[in-house]
Amino acid sequence: MHVISSLTSRVLFNLTLALLPATIIIALNIWYEYRTEKQLVQDEVRSTVNALASEHIETIGEIELMLKELSYFSELQDPSSKAYNKLISDSLKLNANLINIGVLMANGDLFSKPLPVKEFEKFIQTHAESKVEVEFEPRFM
């Protein structure tokens, strides 16, 4: 007595048995390619993030050095003087990553020269590709 009696059923059963290994191999190949591509994308993202982080760390270091150097100027003691405004303006021209500099006064007040809206818009347009927000905590040096 045969388990599968009709010819159509036998052909479908044999076809299924013949195609099952190929189907498994194709599925495993797709899974392997997916994992490989996913790893490549992760490696690329990791590399890009590391490059951006290094660039930002370097920029922050340059700004920190510039601010330390500025702290030695006596012109920063009197924010209402023309020498103060000239020093701040000249310093901003030296570093394209800065848009404004605030000075912490001895009494704890933060003095910052107001920035014209056009200069702010220009800065935002030239730095629009950078989506990273950087916050600086006040530190005493």
Side-chain angles (χ1 to χ4, degrees), residues 2-141:
H2 291 78
V3 177
I4 303 174
S5 57
S6 76
L7 182 61
T8 306
S9 297
R10 279 190 236 161
V11 169
L12 287 177
F13 179 74
N14 287 335
L15 187 61
T16 303
L17 282 178
L19 293 178
L20 187 61
T23 305
I24 291 172
I25 290 171
I26 290 170
L28 288 174
N29 190 29
I30 290 171
W31 178 77
Y32 174 76
E33 287 180 11
Y34 165 76
R35 299 262 309 165
T36 304
E37 190 64 30
K38 181 180 173 184
Q39 186 64 43
L40 289 173
V41 168
Q42 286 175 342
D43 292 345
E44 184 178 337
V45 166
R46 198 171 287 117
S47 173
T48 302
V49 167
N50 288 338
L52 286 172
S54 296
E55 183 179 315
H56 280 87
I57 288 170
E58 183 180 323
T59 301
I60 290 169
E62 290 172 3
I63 292 170
E64 184 176 18
L65 179 65
M66 185 180 109
L67 292 176
K68 281 182 183 177
E69 294 295 324
L70 278 175
S71 69
Y72 296 115
F73 285 89
S74 61
E75 288 89 345
L76 295 178
Q77 300 297 322
D78 183 17
S80 60
S81 72
K82 289 183 180 184
Y84 171 88
N85 289 331
K86 181 169 177 13
L87 179 64
I88 295 296
S89 296
D90 291 345
S91 300
L92 289 173
K93 291 175 187 173
L94 293 175
N95 194 323
N97 294 310
L98 293 178
I99 189 168
N100 202 356
I101 296 176
V103 177
L104 189 61
M105 304 309 292
N107 64 1
D109 291 341
L110 180 65
F111 184 82
S112 179
K113 184 176 143 185
L115 187 70
V117 175
K118 288 183 181 183
E119 282 185 42
F120 180 73
E121 288 174 353
K122 180 182 172 189
F123 180 83
I124 294 300
Q125 288 172 353
T126 58
H127 292 77
E129 69 275 357
S130 177
K131 302 292 183 197
V132 178
E133 291 184 25
V134 179
E135 287 187 28
F136 291 99
E137 293 184 19
R139 293 190 304 192
F140 296 99
M141 295 179 229

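Just the heavy atoms: all of them, side chains too, but no hydrogens, waters or symmetry mates, feed the values below.
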Listing, residues 38-54 side-chain donor-acceptor contacts under 3.5 Å, not counting sequence neighbours, or none:
{"unit_1": "Q39", "atom_1": "NE2", "unit_2": "D43", "atom_2": "OD1", "d": "3.0"}
{"unit_1": "D43", "atom_1": "OD1", "unit_2": "R46", "atom_2": "NH1", "d": "3.3"}
{"unit_1": "T48", "atom_1": "OG1", "unit_2": "E44", "atom_2": "O", "d": "2.9"}
{"unit_1": "N50", "atom_1": "ND2", "unit_2": "R46", "atom_2": "O", "d": "3.3"}
{"unit_1": "S54", "atom_1": "OG", "unit_2": "N50", "atom_2": "O", "d": "2.9"}

Could you give all pairs that pass the salt bridge (charged side-chain N to carboxylate O under 4.0 Å, His left out) test and reach residues 85-95, with sequence neighbours left out? K86-D90
Only counting residues at least two apart or in another chain, list the ones meeting side-chain contact (heavy atoms from CB on, under 4.5 Å) with S91. M66, L70, L87, I101
I need the S89 OG to L94 CG distance, nearest 0.5 Å. 11.0 Å
Pairs of donor and acceptor atoms involving the side chains of residues 16-36, under 3.5 Å and at least two apart or interchain, shall be tabulated with distances.
{"unit_1": "T16", "atom_1": "OG1", "unit_2": "L12", "atom_2": "O", "d": "2.8"}
{"unit_1": "T23", "atom_1": "OG1", "unit_2": "L19", "atom_2": "O", "d": "2.8"}
{"unit_1": "T36", "atom_1": "OG1", "unit_2": "Y32", "atom_2": "O", "d": "2.8"}

